[in-house]
Amino acid sequence: MICFPHAGGAASYYFPVSRALAGKVEVLAIQYPGRQDRYAEPAIGNVEKLAAAVFRELPTEGLDRTWLFGHSMGAAVAFEVARLMERELDRSPLGIILSGRRAPSRYREETLHRQGDAAIIANVQSLSGTDSAVFDDPDTHRLIMPALRADYRAIETYRPAGVPQVTCPVHVFVGDADPLSTLDEAGSWRDHTTGEFTMRVFQGDHFYLTARPTEVISAISQLMVPVPPRV
C-alpha cells in the first residue's frame with residue numbers, strides 16, 4: 001500500500017499504519033519535497049505536478065498489485081497518481097482509499113494560501129493536524145511554512161477539468177463532522193470511477209483517523225485482506 005500525506009504532513013504520519021499492518025501489508029509512505037529529510041528541495045504547489053513527481057519515482061513493476069491510500073490533500077494526489085497509472089502504463093491499482101477529502105467535482109472557493117502565516121496556522125490548529133508547539137519555535141516555523149503554504153496552494157487550486165475518472169475501485173473514508181467535506185461531497189467520488197464505489201463514515205472530524213486508529217486500520221485491512229468465504 002502506498003500512502004500519501006495530508007497538507008503539511010510527512011511520511012512519518014503513517015508509521016502507526018505500517019506497524020499495525022506489518023506481516024499483512026507492506027506500507028510505503030510518500031515523502032513530499034520540502035519537509036523532514038527533503039527540506040532542501042522546493043515544495044510543489046500544484047496537485048497534478050506533485051502527483052507527476054511522485055509517479056516518476058515509483059517503480060512500475062508491481063504497481064497494478066498495489067493499493068493507494070491518501071488523506072485530505074493526499075487523497076487528491078493519490079487519485080491523480082491512479083489516473084497517471086491508467087494513462088501512462090495502461091494499468092490500475094487494485095483500489096484507492098480516499099480519506100477526508102471531497103470529490104474534485106465539488107469545488108469550494110478557498111484562499112488561505114494567499115493569506116498570512118497566522119491564518120494558515122490558525123486553520124491547521126483548528127483541524128488538529130499538527131502539534132501547535134511546532135509553530136512556537138522560530139527556526140521550526142521558518143522550515144515548515146514554505147511547504148505548508150505550497151500544500152495549501154496545491155489543494156485550494158486543485159480543479160481538474162470535467163469529471164475525471166479512474167476504472168479501479170474507489171473507497172471513501174470520511175468523518176461525520178469533517179468541516180472540509182460533507183458526507184454528500186465525499187459521496188460525489190462515486191462519479192469519479194467506473195469501478196466499484198463504497199463509502200464508510202467514521203465518528204469524528206477531519207482527523208478522525210488519528211482519534212480512531214484501530215477502527216480505521218481494521219477498515220483498511222478488511223478492504224485489502226478480505227476474509228475468504230467459508231466453504
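The first residue in the sequence is number 1, and the count goes up from there. This structure is a prediction, so every number in the text was calculated from the model and none was measured.
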If hydrophobic clusters are built by linking Ile, Leu, Val, Met, Phe, Trp and Tyr wherever their side-chain heavy atoms come under 4.5 Å apart, do [X] and [Y] end up in the same one?
X: Ile44; Y: Val81; value: yes
X: Phe173; Y: Met199; value: no
X: Val54; Y: Tyr39; value: no
X: Leu112; Y: Ile144; value: yes
X: Met224; Y: Leu94; value: yes

TODO: Identify the two heavy atoms, one from Pro93 and one from Met85, that lie closest to each other, and give their separation to 0.1 Å.
DONE: N-CE, 3.5 Å

TODO: Please name the pair of heavy atoms, one in Ala150 and one in Ala43, separated by the smallest distance, quoted to 0.1 Å.
DONE: CB-CB, 3.6 Å

Task: Electrostatic pair Glu185:Arg108 at N-O distance under 4.0 angstrom - done: yes

Open item on the list: Any salt bridge linking Arg35 with Asp151? Criterion: basic side-chain nitrogen under 4.0 Å from a carboxylate oxygen.
Closed with: yes

Nearest 0.5 angstrom please: [X] [atom1] to [Y] [atom2], how far?
X: Arg114; Y: Arg149; atom1: CZ; atom2: CZ; result: 11.0 Å
X: Cys3; Y: Ile30; atom1: SG; atom2: CD1; result: 8.5 Å
X: Lys24; Y: Ile220; atom1: NZ; atom2: CD1; result: 11.5 Å
X: Gln31; Y: Glu41; atom1: CD; atom2: CD; result: 9.5 Å
X: Tyr32; Y: Arg38; atom1: OH; atom2: CZ; result: 11.0 Å
X: Ser99; Y: His171; atom1: OG; atom2: NE2; result: 13.5 Å

Are side-chain heavy atoms of [X] and [Y] found at a separation under 4.5 Å?
X: Leu21; Y: Met1; value: yes
X: Leu183; Y: Val201; value: yes
X: Gln115; Y: Thr111; value: yes
X: Phe79; Y: Leu84; value: no
X: Ser188; Y: Arg102; value: no
X: Phe69; Y: Ile2; value: no
X: Leu180; Y: Leu127; value: yes
X: Cys168; Y: Glu86; value: yes

Open item on the list: Counting only heavy atoms from other residues, nucleotides and ligands, does the tally under 6.0 Å from CD of Glu196 exceed 12?
Closed with: yes

- [ ] Answer yes or no: are there more than 12 heavy-atom neighbours, outside Asp90 itself, under 6.0 Å from its atom CG?
- [x] no

Open item on the list: Tell me if the centroids of the rings in His71 and Phe4 come within less than 6.0 Å of each other.
Closed with: no

TODO: Assess the pair Phe207 and His6: is the distance between their ring centroids shorter than 6.0 Å?
DONE: yes

TODO: List the steps, then state whether side-chain hydrogen bond (donor to acceptor under 3.5 Å, both in side chains) holds for His113 with Glu156.
DONE: CA-CA 7 Å; His113 68 281; Glu156 289 187 344; 2.6 Å; yes

Open item on the list: Set out, in order, the CA-CA distance, both residues' side-chain angles and the distance that settles side chain to side chain contact (heavy atoms under 4.5 Å, CB included) for Glu80 and Tyr158, then state yes or no.
Closed with: CA-CA 11 Å; Glu80 289 297 330; Tyr158 175 56; 2.6 Å; yes

- [ ] Would you check, one step at a time, whether the test side chain to side chain contact (heavy atoms under 4.5 Å, CB included) holds for Trp67 with Leu223?
- [x] CA-CA 10 Å; Trp67 284 76; Leu223 285 172; 4.2 Å; yes

Open item on the list: Just by distance, no angles: are the side chains of Thr167 and Ser92 close enough, under 3.5 Å, to form a donor-acceptor pair?
Closed with: yes

Task: Intermediate values then yes/no, side chain to side chain contact (heavy atoms under 4.5 Å, CB included), Arg153 and Asn46 - done: CA-CA 7 Å; Arg153 183 187 313 118; Asn46 177 278; over 6 Å; no

Task: Worked check of side chain to side chain contact (heavy atoms under 4.5 Å, CB included) between Val172 and Thr198 - done: CA-CA 6 Å; Val172 170; Thr198 67; over 6 Å; no

- [ ] Measure up the Tyr208 and Phe202 rings against each other and bin them: parallel (under 30°), tilted (30 to 60°), perpendicular (over 60°).
- [x] parallel

